[in-house]
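In what follows, every chain begins at residue 1, and chains take the letters A, B, ... in the order their sequences are listed.
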There are 2 protein chains.
Amino acid sequence: MKLPSEKAASRRKKRATFDPLSPYELELADFFVRMAGIIGVSPSVAEIYALLYASPKALSFDEIQGRLGISKGSVSQGLKFLRGHEMILSTKDKGSRREKWQPTPSLAASIVTLLRNQVVPALEFSAPSLERVLNQAETVHASPEVLERLRKLKHWNSRALELFPLLFPSAPKA
Amino acid sequence: MKLPSEKAASRRKKRATFDPLSPYELELADFFVRMAGIIGVSPSVAEIYALLYASPKALSFDEIQGRLGISKGSVSQGLKFLRGHEMILSTKDKGSRREKWQPTPSLAASIVTLLRNQVVPALEFSAPSLERVLNQAETVHASPEVLERLRKLKHWNSRALELFPLLFPSAPKA
DNA sequence: GTCATGGTTCAAAAAATATTGAAACTTAGA
DNA sequence: TCTAAGTTTCAATATTTTTTGAACCATGAC
């Protein structure tokens, strides 16, 4: 159902216009792609992050595009996504209009943000839905076992919703 | 990148051959589909689980197929998946060769199993990979900051690998 | 204001994933 | 052994997701 089996190399049919990834950057990218897949993040986003992660200096839009050999569109969308989840930061050399990107200091914090942004909205959306499910099941006289299951489900959902912010406060420092 | 926006109803173009889902079963199915999407489980699998979860009695292959209006292939593969992750159990009315399916008692345990099965293999696979990355980065004299990041990454990976079984032992009871 | 650099948008194309269903397999019972 | 119910397999198809790239927008330098 998942497990992006070893298409590691095959993703590399890319025409990196210049300065292609070194072997270790490549393997690191594969690592990030693999992990990203588990939480539903696309390969191009994972690659961008990996590249920045392995870079000693902040990189510009063009450098990212050039080294990964992906389209402008992918770079733009990828940076937007990473920005949105606070996983990267930009700086500008002064006198230049060009942004330079680097990963935020804590990868752990980044992952937590990402997870929260995926999970919490789904939980929030679900709360009223489960409420309705339970109500309807009750009025329709579903069996006691089923009602019990549905109550438990609703309980867990709201539990998760209140616990998440506690376990992982908005701006973790680790 | 995710968020399976409200195609709730649209998935319902299905020709349920008979006895289609009741409104609350439907909404529950949508809930499970939404949650399943986050961890990369397909809609048909989520629907099967939802149906069993909302059913007071164990259901046969044919009942599942009929009520959801999906193909034999999907039912077979879905049950295989759920079985494989210990999320459902079968019983047989004696004198019958037909299996009847129901969810395992603890949904929490099921989810943990599922997560473990997705995450742990990826972490295991990654350990040697990160080892190589770090070695190569060292021999190639990557910058101290990058080396530091890579060390941290490797550390986290092995940390997660040893922690996971502790946090969620093989057969949790909750 | 104009222009060129830097970046975004989004419809179309490509790639990945999920679903279907007909054929094949398995096995309990006659 | 033969049969048929019950299930699995897997190549073909449908659907969804990701990527591309040309057209468009924004803004700082002049």
Whole angstrom value for the distance that separates [atom2] of [N] from [atom1] of [X]:
{"X": "B/Asp93", "N": "D/dA5", "atom1": "CG", "atom2": "P", "answer": "18 Å"}
{"X": "A/Lys94", "N": "D/dA29", "atom1": "NZ", "atom2": "P", "answer": "13 Å"}
{"X": "A/Gln65", "N": "D/dT19", "atom1": "CD", "atom2": "P", "answer": "14 Å"}
{"X": "A/Phe61", "N": "C/dT9", "atom1": "CZ", "atom2": "C1'", "answer": "12 Å"}
{"X": "B/Leu82", "N": "D/dT7", "atom1": "CG", "atom2": "P", "answer": "15 Å"}
{"X": "B/Ile64", "N": "D/dG6", "atom1": "CD1", "atom2": "C1'", "answer": "13 Å"}
{"X": "A/Gln77", "N": "D/dT18", "atom1": "CD", "atom2": "P", "answer": "10 Å"}
{"X": "B/Leu68", "N": "C/dT20", "atom1": "CG", "atom2": "P", "answer": "10 Å"}

(Q) Can you tell whether the side chains of A/Arg151 and A/Glu138 come within less than 4.0 Å, N to carboxylate O? (A)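 Between A/Glu138 and A/Arg151 there is a salt bridge, with a charged N closer than 4.0 Å to a carboxylate O.
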Among [options], find the nucleotide with the atom closest to the side chain of [X].
{"X": "A/Ile70", "options": "D/dT20, D/dA26, C/dT9", "result": "D/dT20"}
{"X": "A/Ser71", "options": "C/dT8, D/dG21, C/dT19", "result": "D/dG21"}
{"X": "B/Lys72", "options": "C/dT8, D/dT8, D/dT20", "result": "D/dT8"}
{"X": "A/Arg97", "options": "C/dG6, C/dT27, C/dT19", "result": "C/dG6"}
{"X": "A/Pro43", "options": "D/dT20, D/dT8, D/dT18", "result": "D/dT18"}

Reckon [X] has a side-chain N or O less than 4.0 Å from the OP1 or OP2 of [N]?
{"X": "A/Arg83", "N": "C/dT8", "value": "yes"}
{"X": "B/Ser42", "N": "C/dT19", "value": "yes"}
{"X": "B/Ser44", "N": "C/dT19", "value": "yes"}
{"X": "B/Lys92", "N": "D/dG6", "value": "no"}
{"X": "A/Ser74", "N": "D/dT20", "value": "yes"}
{"X": "B/Arg98", "N": "D/dG6", "value": "yes"}

Q. Do you know the tightest heavy-atom contact between B/Glu47 and B/Ile70?
A.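 Here B/Glu47 and B/Ile70 meet closest at OE1-CG2, 4.3 Å.
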Q) Within a radius of less than 6.0 Å around CZ of B/Arg159, do more than 12 heavy atoms belonging to other residues, nucleotides or ligands occur? A)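 No.
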Q.
Strictly distance-based, threshold 3.5 Å: is any side-chain N or O of B/Ser76 a donor or acceptor partner for the main-chain N or O of B/Gly73?
A.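 Checking the backbone N and O of B/Gly73 against the side chain of B/Ser76, no donor-acceptor pair under 3.5 Å is found.
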(Q) Whether the side chain of B/Tyr53 engages the backbone of A/Arg149 through a donor-acceptor N/O pair (distance < 3.5 Å, no angle test) should be reported. (A)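 Yes, because the side chain of B/Tyr53 sits within donor-acceptor range (under 3.5 Å) of the backbone of A/Arg149.
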Q | Nearest-nucleotide 5' precedence on DNA chain C, B/Ser96 against A/Leu79 | A |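 So the residue in question is A/Leu79.
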